[in-house]
Amino acid sequence: MPSDAAPGGVVGPEQASRWAWDGTSRWYPRLLTDGVRVERCLDLRLAHRLLRGSAYADASRLARAPTGAFDEAASPLEPTPAASGRAQPVAATLFDVDDDGPGEGLPGPPVDAGGVARPGAAACVDEVALLDEAIAGSTHPGRLRLLVAAESAGALAAAEMHHAGVPWDTAEHDRVLTDLLGARSAGPRSTPEARPERMAALAAQVRAELDAPTLNPDSLPDVLRALRRAGLPATSTRSWELRGLDHPAIEPLLAYKKLSRLHSANGWAWLDRWVVDGRFRPEYVVGGVVTGRWGSSGGGALQLPRQIRSAVRADEGWSLVVADAAQLEPRVLAGLARDERMAAAGNGRDLYQGMVDARVVDERAQAKVGMLGALYGGTTGASAAVLPRIARAFPQALGHVEAAARAGERGEVVTTLLGRSSPRPGAAWAQVQADALDPDASRNAESRARAQTRAWGRFTRNFVVQGTAAEWALCWIAEVRRRLWRLGELDGPPGRAPEPFARRPHLVYFLHDELVVHTPTAWARVVEAEVRAAAAEAGRLLFGGFPVDFPLSVAAGRTYADAKG
DNA sequence: ATGTGGGGCGCG
DNA sequence: AAAGCGCGCCCCACAT
């Protein structure tokens, strides 16, 4: 169906229809371009990938099915040829569903299978049945339904954030760059002359101090050679290693590297390429990370350095509400492991401070570093030193991640709360293990195998926590999205945000445990309350009545930097 | 010329 | 101060 026949009557919040399509990123952008917002969907590709890999559904027909169209990543549709002035046919299939909440049921039979489908409307219908069967026959149907619904809702949110864009103050960005880097150079790109003023000056200083007139400070071998020639025991050019060296070239070199990073990653070239009409529009890749976190492609959306966050600026009369979940991963672990003492330490307060108050550790910093060590599998330094105290205080929680690590070391699969399973180690992994078992194996082969085993254990240890935290975050963003839309439209003139968000608070940025809402300033307090309520709801969806809470730090401001305080 | 891999560093 | 997890992107060096 052409986009002007897009589902006018089926997308309002009072409607209960759900799109089932082979890729939200493929179909939703053009609906949004037409100002159409979809309340709910089932993303068949995302669901397929999740369910096929889930240990909860490993006995399903789906788990044994040969790979097919739904195993590949969704490719975006070709842009509509401008000349035709018409949208391509929509291949998604519309299903009628009961008015149940997310996770309470997959769509029923199709009532409208319109248009040309790739992989085909009929294939979509079959796929829905296959997925439904896999869920129904799984060990945890409720969890998998929730996961599929949350992942699909996340895909909608991701497309909407791309559509709305992050409001960007180009002049402020330019000011920051000029401030730090000095005047922009007029020299041709990819030549030393292209370096901004301050970078060029620092480069000259480094060359002088190292007596290396042609040194390129961007070249590792160059820098290493020059440092060695100056009698310094450098083995790399990592900042923290350089910091330990005593030589007049070090300070300008470190300063150069810092500026160079800003210039190359988020400098004027980035601004020209990624900010259009005052909006930064990154591509989010839902489920792009093994653990279920989102990835991004283009513009480094998930690595916006603090230095330039003052350039993220709400439109006139609008504000940014920035919320982040405090100590999300340890709290998720407390819920996952049903560790009541650990949950209690974080109840209504900073979890790390709670650990000090409960005399688990002496200082907040110890709590933080020790907890990170527990989550990541740290074995050295200050982290390892406090780990035993944390293990004594929270045996349930620590036992949970230890068990995940041991399973990984045995080459087994581990699974998040809602059912995302870790990949199995690859063929290379097995080969290294086999080599070590060979009677003639060298010391080297054995230690390589041991190191690899431990590394995979650290991966699976972290997987269950990071992955479940990602599930909490998906539920959070899905709830926020739903609640914001329910607030309705503000009276008065539309803002600069594109329809359908011109008069509505809307999500513009998401970063693992943090989100940003762009809202008319008059609504900032309301938005804040909704974002908090959504976090509480996410906790209930994952952990039911288990008493673990998820406090947020929330602030409103004109810029991202202001709101972060 | 173009692709690939590693070092390095930004984010959580 | 980093380490222990997960990413993306830059530059350079080196392969083709």
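Here is how names work: the chains are called A, B, and so on, in the same order as the sequence lines, proteins then strands, and each is numbered from 1.
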Sole residue of A:V321, A:V480, A:V516, A:V531 in side chain to side chain contact (heavy atoms under 4.5 Å, CB included) with A:L507: A:V480
Starting from [atom2] on [N], measure out to [atom1] on [X] and report it in whole angstrom.
X	N	atom1	atom2	answer
A:F459	C:dC7	CZ	P	7 Å
A:R225	C:dC12	CZ	P	14 Å
A:I390	C:dG4	CD1	P	17 Å
A:R195	C:dC10	CZ	C1'	14 Å
A:L242	C:dA1	CG	P	12 Å
A:E402	C:dG4	CD	P	16 Å
A:F463	C:dC7	CZ	C1'	14 Å
A:W270	C:dG8	CH2	P	17 Å

N/O-N/O pairs, protein side and nucleotides 8-12 of chain B side, under 3.5 Å:
unit_1, atom_1, unit_2, atom_2, d
B:dG8, OP1, A:T237, N, 2.7
B:dG8, OP1, A:T237, OG1, 2.9
B:dG8, OP2, A:R238, NH1, 3.1
B:dG8, N2, A:R261, NH1, 3.4
B:dC9, OP1, A:S239, N, 3.3
B:dC9, OP1, A:S239, OG, 2.5
B:dC9, OP1, A:K257, NZ, 3.4
B:dC9, OP2, A:S239, N, 3.3
B:dC9, O2, A:R261, NH1, 2.8
B:dG10, OP1, A:K258, NZ, 3.2
B:dG10, O4', A:R261, NE, 3.1
B:dG10, O4', A:R261, NH2, 3.0
B:dG10, N2, A:Q303, NE2, 3.2
B:dC11, OP1, A:R306, N, 3.2
B:dC11, O3', A:R309, NH2, 3.2
B:dG12, OP1, A:R306, NH2, 3.1
B:dG12, O3', A:D513, OD1, 2.6
B:dG12, O3', A:D513, OD2, 2.9
B:dG12, N2, A:R293, NH1, 3.3
B:dG12, N3, A:R293, NH1, 3.2

Base orientation of C:dG4, syn vs anti, 90° cut from 0: syn
Say whether [X] and [Y], considering side chains only, have a donor N or O and an acceptor N or O under 3.5 Å apart.
X	Y	answer
A:R349	A:Q353	no
A:T519	A:S319	no
A:S297	A:E283	no
A:Y256	A:R195	yes
A:Y56	A:R143	yes
A:T453	A:E409	no
A:E514	A:Y509	no

Value rounded to 0.5 Å, distance of CG in A:D218 from CE in A:M199: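 Atom-to-atom, A:D218:CG and A:M199:CE are 6.5 Å apart.
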A:R461 side-chain N/O to C:dG4 phosphate OP1/OP2 under 4.0 Å: no
Look at the side chain of [X] and decide which nucleotide, out of [options], has an atom nearest to it.
X	options	result
A:T380	C:dC7, C:dA3, C:dC12	C:dA3
A:A382	C:dG4, C:dC11, C:dA2	C:dA2
A:S383	C:dA13, C:dC7, C:dA3	C:dA3
A:R458	C:dC10, C:dG4, C:dC12	C:dG4

Considering every strand and a 4.0 Å limit on heavy-atom distances, what is the contact class for [X]: base, sugar-phosphate, or nothing?
X	answer
A:V465	nothing
A:G299	sugar-phosphate
A:S297	sugar-phosphate
A:G381	nothing
A:N216	sugar-phosphate
A:G298	sugar-phosphate

Base paired to C:dG4 (Watson-Crick or G-U; both N/O distances under 3.5 angstrom): none
Aromatic contact, A:W270 with A:H173 (centres under 6.0 Å):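 Centroid separation for A:W270 and A:H173: below 6.0 Å.
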Residues within residues 171-182 of chain A bordering DNA chain B, heavy-atom distance below 4.0 Å: none
Pairwise side-chain contact, A:R293 with A:Q466, heavy-atom cut-off 4.5 Å (strictly under): yes
